[in-house]
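A note on names: the letters A, B, ... follow the listed sequences, proteins ahead of strands, and every chain is numbered from 1. Only this structure's heavy atoms are used, side chains among them; waters, hydrogens and symmetry mates stay out.
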There are 2 protein chains.
Amino acid sequence: MINEPRYTEMVAVLKAMAHSSRLFILDKLQEGEHCVCELTELIGADISTVSKHLSILRDAGLIGSTKKQNQVFYRLLCPCVLDFYSCMIKIKGDN
Amino acid sequence: MINEPRYTEMVAVLKAMAHSSRLFILDKLQEGEHCVCELTELIGADISTVSKHLSILRDAGLIGSTKKQNQVFYRLLCPCVLDFYSCMIKIKGDN
DNA sequence: GACCTATTTGGTCATGTCGCCAAGTATGTA
DNA sequence: TACATACTTGGCGACATGACCAAATAGGTC
């Protein structure tokens, strides 16, 4: 019941999304690829912190990365996660 | 940017969903109302634990409750949260 | 090779989450 | 009133998360 693999998998994705910096990253990557230093500047945290957020999103399968010279560019793999935004707004509107 | 209220609100909803027992509850409430003791039996945890999960989901605006005699029945307020399931499956399928 | 930039990884500390138990509240029944 | 059932709340211990700093890794330039 509770131990169904689909719950475990969904929990992993939901946990990955459940942080404002990570939501911001997903939102930003919707526009297109960005490297770690660009995202770091926008977020305003330590680069190591941003790098860890990115690896959490990658481990969850939400984003992918490509190394170009000495920079790493991240891109959104699953634009559908952002459809969730509209549901969120509905939730907030209904109450 | 990161501090936009919409991110804060979405994080609250995502955190509320990011637990296998709570996903199970949302899934179960899709069928219709259930009282705390029914959910407790299905989940197999302490009733106090289940009660706390339910209050987390209620605080996030995902479920609502009605007291009938000495039982409390919970119902899904936002069936759209379950649309997210299909996106999850897509995520898992793509990788 | 020395050096610089970009990124990742390990460590530590503060804080948050989760589960149970115990105690409190509410409603119904003897 | 006493007691049972249903649920909520407070507290505690175990564990997870998040932020920073420091150190390691990788690629490009002098």
Side-chain angles (χ1 to χ4, degrees), chain A residues 1-4 7-26 28-29 32-75, chain B residues 1-4 7-26 28-29 32-75:
Chain A
M1 309 281 263
I2 286 91
N3 302 319
E4 279 185 44
Y7 289 135
T8 311
E9 288 165 6
M10 283 184 52
V11 165
V13 174
L14 290 164
K15 277 189 177 176
M17 294 178 72
H19 189 285
S20 56
S21 297
R22 296 198 291 264
L23 279 180
F24 173 82
I25 291 169
L26 292 173
K28 205 70 197 168
L29 294 184
E33 288 193 342
H34 284 286
C35 69
V36 184
C37 57
E38 286 167 342
L39 294 167
T40 299
E41 180 139 23
L42 290 166
I43 291 170
D46 194 276
I47 190 170
S48 67
T49 303
V50 175
S51 176
K52 278 177 185 172
H53 283 313
L54 288 164
S55 65
I56 288 167
L57 289 170
R58 186 174 44 191
D59 291 350
L62 296 172
I63 63 175
S65 62
T66 315
K67 190 156 194 171
K68 292 178 187 170
Q69 299 177 342
N70 65 339
Q71 286 178 304
V72 178
F73 286 85
Y74 283 88
R75 67 185 175 284
Chain B
M1 311 282 260
I2 287 88
N3 302 317
E4 280 184 42
Y7 289 134
T8 312
E9 288 164 4
M10 283 183 54
V11 165
V13 174
L14 290 164
K15 277 189 176 176
M17 293 178 72
H19 189 285
S20 56
S21 297
R22 296 198 290 266
L23 279 181
F24 174 81
I25 290 169
L26 291 173
K28 205 70 197 169
L29 295 184
E33 289 193 342
H34 284 286
C35 69
V36 184
C37 58
E38 285 167 341
L39 295 168
T40 298
E41 180 139 22
L42 290 167
I43 291 171
D46 194 277
I47 190 171
S48 67
T49 301
V50 175
S51 177
K52 280 177 185 173
H53 283 314
L54 288 163
S55 64
I56 287 167
L57 290 170
R58 185 172 46 191
D59 291 348
L62 296 172
I63 62 175
S65 62
T66 314
K67 189 157 194 169
K68 292 178 185 169
Q69 299 177 341
N70 65 338
Q71 286 178 304
V72 178
F73 286 85
Y74 284 87
R75 67 184 174 286

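For DNA chain D, the span of nucleotides reached by chain A at under 4.0 Å from its heavy atoms goes, 5' to 3', from D:dT17 to D:dG27.
Ring geometry for A:Tyr7 against B:Phe24 counts as perpendicular: the plane angle is over 60°, on a 0 to 90° scale with 30° as the lower cut.
Using a 4.0 Å heavy-atom cutoff across all strands shown, A:Tyr74 reaches sugar-phosphate atoms only and no base atom. Within the nucleic acid shown, A:Ser55 has no heavy atom closer than 4.0 Å to any nucleic acid atom.
Rounded to an integer number of Å, the gap from CD1 of B:Ile47 to C1' of C:dG24 is 14 Å.
Fit an axis to the five pairs at each end of the helix from C:dG1-D:dC30 to C:dA30-D:dT1 and the two axes sit 0° apart, to the nearest 10 degrees.
Listed by residue number, there are no residues of residues 16-24 of chain A with a heavy-atom contact under 4.0 Å to DNA chain C.
With DNA chain C read from its 5' end, the first of the two nearest nucleotides for A:Thr40 and B:Asp46 is the one closest to A:Thr40.
For B:Glu38, the salt bridge (Lys or Arg N to Asp or Glu O under 4.0 Å) criterion is met by no residue, not counting sequence neighbours.
Dense packing is recorded around CD of B:Glu4, with more than 12 heavy atoms of other residues, nucleotides or ligands lying under 6.0 Å away.
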Counting primed atoms plus P, OP1 and OP2 as sugar-phosphate and everything else as base, spell out the protein contacts along nucleotides 25-30 of chain C at 4.0 Å heavy-atom distance: B, S or - for each nucleotide, 5' to 3'.
-SSS--

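Between the side chain of B:Arg58 and the main chain of B:Gly64, no donor-acceptor pair closer than 3.5 Å is present.
When the side-chain nitrogen and oxygen atoms of B:Thr49 are compared with OP1 and OP2 of C:dC20, one or more of them lie within a distance under 4.0 Å.
A salt bridge between A:Glu33 and A:Lys28 is absent, with no side-chain N of the basic residue lying under 4.0 Å from a carboxylate O of the acidic one.
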Can you tabulate the close N/O pairs, meaning under 3.5 Å, that link protein atoms to atoms of nucleotides 11-16 of chain C?
unit_1 : atom_1 : unit_2  : atom_2 : d
C:dG11 : O6     : A:Lys52 : NZ     : 2.8

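To the nearest 0.5 Å, atom CD1 of residue A:Ile63 and atom CG of residue A:Leu54 are 4.5 Å apart.
Residues B:Val72 and B:Thr66 have side chains not in contact (no heavy-atom distance under 4.5 Å, counting atoms from C-beta outward).
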